[in-house]
Amino acid sequence: MAADDSRQAALCRLHRIDKHFGRTHALRGASLELRPGEVLALVGENGAGKTTLMNVLFGLIAPDAGGFELEGREGFFADAADAIAHGFGMVHQHFMLFDDMSVLENVVIGAEGPGRLGRIDLAARAAEVTEVMRRFGFHLPLETRVRDLPVAARQQIEIVKLLYREARVVILDEPTAVLTPQEADALFSMLRGLAGEGRAVVVITHKLSEVMTHADRVVVMRGGEVAGERRVAETSAAEIARLMVGRDIAPVEKKTHAGTGTRLALRGLLCAAREGERQVGPVDLDLRPGEILGIAGVAGSGQGPLVETLVGLRPAESGRIELDGQDITRANVAARRAAGLAYMAEDRMRSGLAIEASLAENAVAGREAQPPFARGPLRALGAVADFGRDLIARYDIRATGPTQRVAQLSGGNKQKIVVGRELSGTPRLIVAHNPCWGVDIGAIRFIQDQLLAAAEAGAAVIFVSSELDELFALSDRLAVLYDGQVQALLDRGDLETGRVGRAMAGAAA
Amino acid sequence: MSRARWIVPLAALAAIALIPDLRAIALGFLDGAFGGRNMFNLWSTVSRASILLGMAVGVLVAFRAGLINLGGEGQLVLGGLAAALVGIYAPLPVWAIVPAAVLGAMLAGGLWGMLALWLDRGLKVPLLVGSLLLNYPAGYFASWLASHPLRDVASGIAQTHRIDRDARLPRFDGTILDYGIFFTVAVALLVILADRYSVFGYRLRMQGLAPGFARAQGMPTGRLGYQALFLSGAIAGLTGFTAVFGFAQRYVDGMLTLPLYAWTGIVAVLLAGIVPWRVPIAAALFAVLATGAGGMERVAGIPRESAQIITGLVILWLAGSGRSLMRRRGE
C-alpha cells in the first residue's frame with residue numbers, strides 16, 4: 001500500500017469494519033481513510049459494500065465490529081444529523097430535493113433556523129447562499145423551482161447545500177450517471193477545487209475512465225473487503241478492473257451482422273405524453289435485421305417514452321411503427337410479442353420480473369398460455385418446471401431450482417432470467433433498456449454476448465443504455481436523444497466521446 | 001427464539017388445565033363450538049364456517065389479483081337479495097328456482113363488484129374507497145326492501161316471505177346444517193385449484209404480484225381486473241344465496257351484515273397470508289371463535305363480544321407483523 005506516508009494527515013479513519021445482514025456478510029474488515037485535499041475514488045461492483053460502508057460512516061448503520069476515528073476522537077456518529085454537524089455531507093444518486101420548492105429553499109432547508117416569532121429570514125439566507133456560490137463559482141437561479149431545472153443544475157444544488165453547511169467531507173454516489181461527458185468534466189474540476197481548499201472528496205463510481213482522469217487515490221472493494229488501494233498515478237484501469245472482479249475480463253468482440261431489408265421502420269413516431277411530460281418525437285428510424293442500434297442520451301431525454309411506445313405500453317400520438325412491413329402502431333403488447341418482439345424492461349424489479357414469484361413462473365411469462373406451457377386453459381406445470389431448469393443450466397443462473405423465489409437471487413441472476421426468457425424463441429426485434437444496469441461485470445459481459453449472438457442470428461436490437469462504454473462496444477449505429485428528439489445518428493466508425501457528448505447536451509454533433 | 005415462542009402458549013394451556021375456573025371457561029368455549037345436544041353447536045359452527053369460507057374465498061380472488069375489494073358486504077347482501085327475489089316471486093317451475101337464484105345472486109354480486117372497479121378505472125375513485133362505500137347503498141336498499149315493499153307483514157319483523165318449501169336447500173338429517181355448504185366448498189376447491197393449475201389463476205397472481213410486469217409480458221390486464229372483481233363479487237353473491245335458501249329460508253334484514261361475515265372473511269384471508277389452501281383453515285378458525293364465544297358467555301358470563309375483540313387484535317397483529325398485502329408470497 002502506498003498510503004503510509006500521509007498517515008497523520010488523515011481526517012478520519014474507518015477501521016476494520018464488519019457487518020452482517022442476516023446471513024450476508026456485507027462488510028469484512030473494511031478500512032478506509034479520508035484525507036483532506038484529496039479526491040478519493042471508491043470503486044467496486046454492485047454488492048461490494050461501498051454503500052454499506054458509507055452508511056456506516058454516516059452513522060446510519062451500526063457495524064458489528066470495527067472503529068471510527070475523527071481527528072483523534074473515537075466513536076461512530078449517532079445518526080446522520082450528528083455526521084452533518086461534524087461537517088460530513090453526501091450527494092445521493094437520487095437527489096433529495098423538493099421539486100416544487102425554490103433553489104434557495106432547498107439549499108437552506110434544515111438550516112433555515114426560525115428567527116424571531118418563528119419567521120424565516122429568507123433574504124439573509126439568500127445573501128449567505130449567494131456568497132457561497134460566488135466563492136465556488138456556481139451560477140444557480142435562487143428563486144427558480146427545482147422542477148424547472150435540468151439534472152446537472154439539480155446536482156449542483158445538492159453540492160451547494162453541502163457547502164452551505166460547511167462540509168469538510170463531500171461524498172458523491174455515482175454522480176456522473178446523469179451527466180453528459182462535458183458536464184462530468186465540469187463536475188470533477190469543481191470537485192478538484194473543493195479538494196484544493198482542504199476538503200476530503202469521495203466519489204463512488206464504477207466508471208474507470210473517471211477514476212484514472214480525476215482521482216488521486218482509488219480504493220477498490222470486492223465482496224465486502226477492500227481488495228486494494230492504489231495511487232492513481234501508480235496504477236492502470238486494467239489493474240483496477242482486475243481488483244474489482246478478481247480476474248481478467250476480455251473486451252467484447254463485435255462483428256457487424258447487419259443484413260439487408262428493413263426489420264423495423266419508425267415514421268414520424270410521436271409518443272403520447274403523460275401529464276407533465278415533455279413531448280417525445282417525432283422519430284424516424286430504420287433498422288435492418290441483425291443490426292444493433294444504440295440509443296444514448298442523458299437520463300430523461302425521452303428513452304422511457306420511446307421504449308414504451310415501441311413495445312406497446314404507451315400509445316403513439318401519431319406516426320407509424322412497422323415490423324417487417326406490418327403496421328403494429330395500434331397493436332397491443334401481446335400482438336407485438338406474437339410478431340416477434342422481445343422486451344427487456346429497465347425496471348427489472350417491477351416490469352421485468354415478478355420477484356415474489358418463482359423462477360420458472362417468471363421464465364414462462366408472456367407464453368404462459370401457449371404450448372408446451374399450457375394445454376387449453378390449464379397450465380402444464382411439468383413443462384414450466386423443465387423450462388426453468390433448462391434456463392438455469394443454459395444461462396448458468398445461480399439458483400436452488402425452478403421453484404426458488406426470484407427475490408432471493410442476486411441482480412445478475414435476476415437479469416439472466418429476463419434475458420433468457422426474452423431471447424428464447426428467436427425474437428425478430430429486441431428492445432433492451434439498460435439490460436446491464438446494476439449487475440456485476442461478469443454478468444454484464446454475458447448479457448452483452450447474448451445480445452450480440454441474437455443479432456448474429458438475425459434479430460434487430462434496440463439497445464438503450466446510460467453507459468457510453470457499452471454503447472460504443474455494441475452499437476452498429478448510435479442514435480443520441482436530446483429533449484425527446486434524435487439529436488444525432490452516428491455510424492460505428494464515427495463514434496467518439498466528444499461528438500456524442502455534444503449531441504447529448506443538445507449541440508450539433 | 002424458537003423456544004421462547006412456545007413458552008407463552010404452553011404456559012397458557014397449562015394455566016387452563018390447572019386452574020378450575022379457567023378450565024370451566026375453556027370447556028364452555030369448546031361446548032359452544034363443538035358440543036350441545038345432538039352436537040347442535042358443532043353444526044352451527046360448520047354452518048357459520050361455510051358462510052365465512054364463501055366470503056373469504058371471494059375476497060381471496062380479488063386479493064390474489066392485487067385488487068383490494070372491501071365491498072364483500074354489499075356484494076353478499078345484493079346476492080342474497082337477488083336470490084330471495086327469485087325464490088319468492090319468479091314464476092318458475094320448482095326445479096328451475098335454485099339455478100335461477102344462483103345465477104341471479106352471482107350476477108348481482110358480480111356486477112356490484114365490477115362497478116367498484118369501474119369507479120376506480122373510469123372515475124379515479126380508489127378501489128379501496130369505492131368498494132367500501134358501495135356497501136352502504138346496497139345495505140340500505142336491502143333494508144328498505146325487507147322493511148317495506150317485500151315485508152312479510154304478518155311476521156312482525158323486517159323480513160321477506162319464505163322461500164317455497166320445495167325450493168329451499170335441504171338439511172342434513174337431524175342437523176341444522178344445510179346443503180349450502182356444498183356450494184361454498186366446491187367454489188373454494190375450484191378457486192384453490194385454479195390458482196395453481198389454470199392460466200387464468202397464474203395471470204391473476206402475476207398481476208397481483210407485479211402489475212407492471214404482467215402488462216409488459218402482454219397479459220390482458222384490463223380484462224383480468226374486471227374478471228377478478230366479477231368473480232370476487234359473484235362468489236360473495238353465491239354465499240348470500242346459500243344463506244337465504246339455507247338456514248334463513250328468507251331474507252331477514254341484517255342477517256348478512258350484523259354477524260360481520262364479510263369483514264371476518266377479509267380478516268381470515270389476511271390471517272392466511274393470502275395463501276389459498278390456508279384460507280379454509282382460517283375461515284373455520286373464526287367460526288369456532290364466534291360460536292365458542294357464545295358458549296363461554298353461557299357458562300362464565302364472558303361476553304361473546306370478546307370474540308370480536310380477538311378478531312380486532314388479530315388485525316392489529318397482522319398489521320404490526322408486516323404481513324400485509326405487500327409482502328405476500330407467490331405460491
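So you know, we letter chains A, B, ... as the sequences are listed, proteins then strands, and number each from 1.
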B/R121 atom CZ, over 12 foreign heavy atoms within 6.0 Å = yes

When the 4.5 angstrom heavy-atom criterion is applied to A/V364 and chain B, the contacting part is both

Listed partners of B/F245 passing ring pair (Phe, Tyr, Trp, His ring centres under 6.0 Å), at least two apart = B/F241

Against chain B, label A/A345 side chain, backbone, both or neither, depending on which of its atoms sit under 4.5 Å from a heavy atom there.
-> neither

Look at atom CH2 of B/W263 and say whether more than 12 heavy atoms of other residues, nucleotides or ligands are closer to it than 6.0 Å.
-> yes

Tell me, for A/E308 versus chain B, whether the close heavy atoms (under 4.5 Å) come from the side chain, the backbone, both or neither.
-> neither

For the candidates A/A334, A/S351, A/G366, which exhibits the highest count of non-hydrogen atom pairs separated by less than 4.5 Å from chain B?
-> A/S351

Between CZ on residue B/F213 and CD1 on residue A/I355, distance to nearest 0.5 Å | 11.5 Å

Closest non-hydrogen atom pair, A/A365 against B/M219 = CB-CE, 4.1 Å

B/A216, B/A210, B/A194: which one forms the most heavy-atom pairs within less than 4.5 Å of chain A?
-> B/A216

Pair count under 4.5 Å, heavy atoms only, with chain B: among A/D347, A/N362, A/V311, highest is A/N362

Quick one: are A/V333 and B/R215 in side-chain contact, heavy atoms under 4.5 Å?
-> no

Within a radius of less than 6.0 Å around CZ of A/R278, do more than 12 heavy atoms belonging to other residues, nucleotides or ligands occur?
-> no

Evaluate whether atom CZ of A/R314 has more than 12 neighbouring non-hydrogen atoms of other residues, nucleotides or ligands under 6.0 angstrom away.
-> yes

Which portion of A/R337 sits near chain B, non-hydrogen atoms under 4.5 angstrom = side chain

Heavy-atom contact with chain B under 4.5 Å, split by part of A/R367 | neither

Measure the CD-CD distance between B/Q217 and A/E368 for me, rounded to the nearest 0.5 Å.
-> 8.0 Å

Measure the spacing between CD of A/E361 and CG of B/L209 and express it to the nearest 0.5 Å.
-> 8.0 Å

Pairwise distance CG(A/L378) to CG(B/L193) - rounded to 0.5 angstrom | 10.0 Å

